[in-house]
Amino acid sequence: MVLVEQSLNGLQFGLLLFLLAAGLTLVFGIMDFVNLAHGSLYMMGAYFAATFTAWTGSFILGVLLALGATLLLGIVLEFVALRHLYGRDHLDQVLATFGLILFFNDAVRLIWGPAGLALPLPAWLTVPVQILPGVFYPAYRLSIIVVALVVAALLYLVVMRTRIGMLIRAGASNREMIGALGINIKLLFTLVFGLGAALAGLAGLMQAPILTVQIGMGENILILAFVIIVIGGIGSIRGAFLAAIFVGMIDTLGRAFLPDLLRMVLSSAAASTAAPALSSMLIYLLMAIVLVVRPEGLFPAAKR
Amino acid sequence: MKSHINLRNVVVALVAAGLVLLPLYSQLSGNIFILTLFTRIIIFALAAASLNLIMGYGGMMSFGHAAYLGIGGYAVGILAHEGIGSGFIQWPVALAVSALYALVIGALSLRTRGVYFIMITLAFAQMAYYIASGMSRYGGDDGLTIYKRSTFGGLIDLSNRVQFYYLCLACLFGGIYLIWRIINSRFGMVVQGVRSNEQRMQAIGFHANRYRLVCFVISGTICGLAGALLANNTDFVSPAGMYWTRSGELMVMVVFGGMGSLFGPVIGAIFFLVLEEVLSQFTEYWALIMGPLLLLVVLFARGGIMGLLGRFSRV
């Protein structure tokens with residue numbers, strides 16, 4: 001029973017991570033751009049959702065407005081600052097977007113104050129749902145799984161089956177060429193960046209009701225997203241998906257079961273001190289192992 | 001022969017002289033705050049200089065240098081907590097543990113290049129951060145207070161502000177001298193050669209990664225020393241001090257000062273920390289200014305302050 005529930009939690013967390021990692025890996029794969037501020041967009045999504053939900057009084061309306069706002073923010077950000085960084089050194093990109101993180105964190109503190117916000121759920125999402133005989137699971141977490149899967153499927157369809165997706169893939173394999181063929185590459189980049197921002201915002205606002213909305217919420221999860229795209233192979237959406245599920249599962253199950261497992265081999269006191277550290281480390285250990293075996297990640301995108 | 005008297009070298013000499021004379025000014029004016037501020041700055045300058053060794057000369061963009069600050073600090077803190085107060089034991093341990101950590105991390109991370117390397121070093125530093133948070137015997141998340149600074153058998157008193165300042169300054173100058181010797185040695189030439197063209201160096205017969213790894217370990221060890229100094233300076237060591245934003249700040253200092261210039265990180269550390277201090281006196285939200293400033297430096301002032309000075313001195 002607990003195993004089913006924790007596995008679902010792991011799946012849910014993994015899917016959230018995928019939404020974040022997908023934007024990151026799209027932007028990296030196509031524009032060759034490392035965006036540390038992706039975590040800030042995640043945070044902004046959550047803050048927007050909390051604010052708009054409070055204004056409109058409707059969760060759904062608030063969420064939709066927040067998605068639009070994050071999309072817009074991403075486009076503005078790309079237009080004002082980030083497009084000047086394409087083609088620059090990765091170090092430049094890391095530093096510039098690090099500056100943006102500093103900016104966003106303090107901007108949020110200025111606007112919303114240092115205390116966190118809460119994003120309350122509507123009543124119809126708080127009821128537990130019976131998924132197996134005798135096993136109940138919160139409707140909200142279930143809806144995250146459904147929404148994220150739908151978004152993942154849509155993303156797949158858009159990238160693999162539409163004209164825009166074809167341009168995106170073409171842009172990833174040869175930027176200059178599709179520019180030369182008369183495609184407005186700048187516009188395409190802006191759109192991709194906006195899409196990535198909206199995905200990050202969606203992840204942030206869906207996570208918001210489970211945790212509190214607070215400053216710096218995007219940073220830890222951003223690093224997890226980086227680990228995921230490193231494991232999955234930078235630029236590969238499929239790799240990001242599988243790695244995200246994997247990491248989400250390991251993180252959640254490690255936290256849930258590692259203390260008990262350790263207690264079998266260690267004394268109770270030693271286990272309860274070692275377990276949290278060890279479960280936080282598991283993912284990084286996994287990444288180290290992957291890198292030793294396959295430095296390019298498990299599913300490297302096609303060579304450019 | 002090229003003249004050594006140019007604007008850049010004059011500025012470096014003035015800054016160095018200023019750092020040496022600062023305690024005198026502090027004594028005369030009674031301004032103790034400036035002494036504590038600059039002790040901190042000098043320690044961070046040492047850490048930034050160590051990062052510059054691998055970033056500027058080795059082309060390895062480590063995003064996890066704060067881990068060494070933490071490791072050096074925790075080595076001092078944990079030994080002090082367990083009743084071993086002698087700096088003759090604490091500091092070598094701090095250096096050795098930092099070197100060992102750098103060896104393991106470096107051996108794994110150096111299998112990758114470019115942006116992978118940035119992310120791997122970042123992730124390993126976060127791992128170190130979580131380990132530190134998990135050490136409940138040593139304060140866990142809350143950190144560990146160091147009740148007594150390292151003792152050096154009456155040779156030097158670290159609780160004396162001026163003596164500690166000069167110790168830090170000596171470490172900084174020593175560190176920079178060491179880095180200068182390294183980059184001008186055969187070893188340093190190979191490392192710089194690998195940065196410019198790895199394949200060519202391989203073809204000549206150098207094991208690029210071995211050179212890289214040794215350079216990485218030296219850098220980590222120097223940064224571990226900065227960590228030991230920092231722990232003594234704050235009498236406190238905590239996981240928060242090794243959070244990834246700290247690594248980012250070190251990178252910013254290097255880039256502000258001018259990557260790949262020997263004295264650049266010192267200028268960068270002074271610039272960054274003094275600016276932070278000044279801005280935070282105006283407003284609580286100093287990062288609102290620092291963040292965009294960083295963006296502007298990256299966009300328009302590559303080569304940092306040393307680069308700008310170099311540009312002026314050529315005119």
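Small disclaimer: the values here were computed from a predicted structure and weren't measured.
Counting heavy-atom pairs under 4.5 Å between each of B/Y116, B/Y130, B/W286 and chain A puts B/Y116 at the top. Across A/H90, A/H84, A/R88, the residue that shares the most heavy-atom pairs under 4.5 angstrom with chain B is A/R88. When B/L296, B/T283, B/L295 are compared by the number of non-hydrogen pairs under 4.5 Å with chain A, B/L295 comes out ahead. Most heavy-atom pairs under 4.5 Å with chain A: of the set B/V115, B/L108, B/I105, B/T245, this distinction falls to B/V115.
The environment of B/R113 atom CZ is dense: over 12 non-hydrogen atoms of other residues, nucleotides or ligands sit within 6.0 angstrom. Within 6.0 Å of OH in B/Y57 there are more than 12 heavy atoms belonging to other residues, nucleotides or ligands. Within a 6.0 Å sphere centred on CD of B/Q199, other residues, nucleotides and ligands contribute 12 heavy atoms or fewer.
Of the two parts of A/I223, only the side chain, counted from C-beta on, holds a non-hydrogen atom closer than 4.5 Å to a non-hydrogen atom of chain B. Neither the backbone nor the side chain of B/S109 comes within less than 4.5 Å of any heavy atom of chain A. Residue contact with chain B, scored on non-hydrogen atoms closer than 4.5 Å, involves the side chain of A/M287 exclusively. Looking at B/V255, the atoms closer than 4.5 Å to chain A (heavy atoms on both sides) all sit in the side chain, from C-beta outward. At a 4.5 Å heavy-atom cutoff, the contact between B/I118 and chain A is made by side-chain atoms alone. For B/L122, the part lying under 4.5 angstrom from a heavy atom of chain A is the side chain only. Neither the backbone nor the side chain of A/I283 comes within contact range of chain B; no heavy atoms are under 4.5 Å apart. Only the side chain of B/T112 comes within contact range of chain A, with heavy atoms under 4.5 Å apart. For B/M61, the part lying near chain A is the side chain, with the backbone staying farther off; criterion is any non-hydrogen pair under 4.5 Å. With a 4.5 Å cut-off on non-hydrogen atoms, A/V94 touches chain B through its side chain but not through its backbone. Neither the backbone nor the side chain of A/L224 comes within contact range of chain B; no heavy atom of the residue lies under 4.5 Å from a heavy atom of that chain.
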**Request:** Start with the C-alpha gap between A/V34 and B/M119, add the side-chain angles, then the distance that decides, and say whether side-chain contact (heavy atoms from CB on, under 4.5 Å) holds.
**Result:** CA-CA 10 Å; A/V34 190; B/M119 290 177 190; 4.0 Å; yes
**Message:** Between B/M290 and A/D106, does the side-chain contact (heavy atoms from CB on, under 4.5 Å) criterion hold? Intermediate values first, please.
**Reply:** CA-CA 10 Å; B/M290 187 69 95; A/D106 259 18; over 6 Å; no
**Item:** Step-by-step side-chain contact (heavy atoms from CB on, under 4.5 Å) determination, B/Y285 to A/R109
**Value:** CA-CA 8 Å; B/Y285 307 103; A/R109 203 147 58 93; 4.0 Å; yes
**Message:** Let's go through B/Q126 and A/N220 carefully: what are the C-alpha distance in whole Å and the side-chain angles of both, what is the deciding distance for side-chain contact (heavy atoms from CB on, under 4.5 Å) to 0.1 Å, and is it a yes or a no?
**Reply:** CA-CA 9 Å; B/Q126 281 301 96; A/N220 283 325; 3.8 Å; yes
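Put simply, CG on A/L91 and CZ on B/F63 are 9.5 Å apart, with the number rounded to the nearest 0.5 Å. To the nearest 0.5 angstrom, B/L299 atom CG is 5.0 Å from A/L85 atom CG.
Of the possible polar contacts, none joining the A/D92 side chain to the B/V298 backbone as a donor-acceptor pair under 3.5 Å is found.
Within residues 256-273 of chain B, the residues that have a heavy atom under 4.5 Å from a heavy atom of chain A are B/M259, listed by number.
When all heavy atoms are compared, the tightest approach of A/L102 to B/G291 is CB-CA, 4.3 Å.
No side-chain heavy atom of A/F98 sits less than 4.5 Å from a side-chain heavy atom of B/M251.
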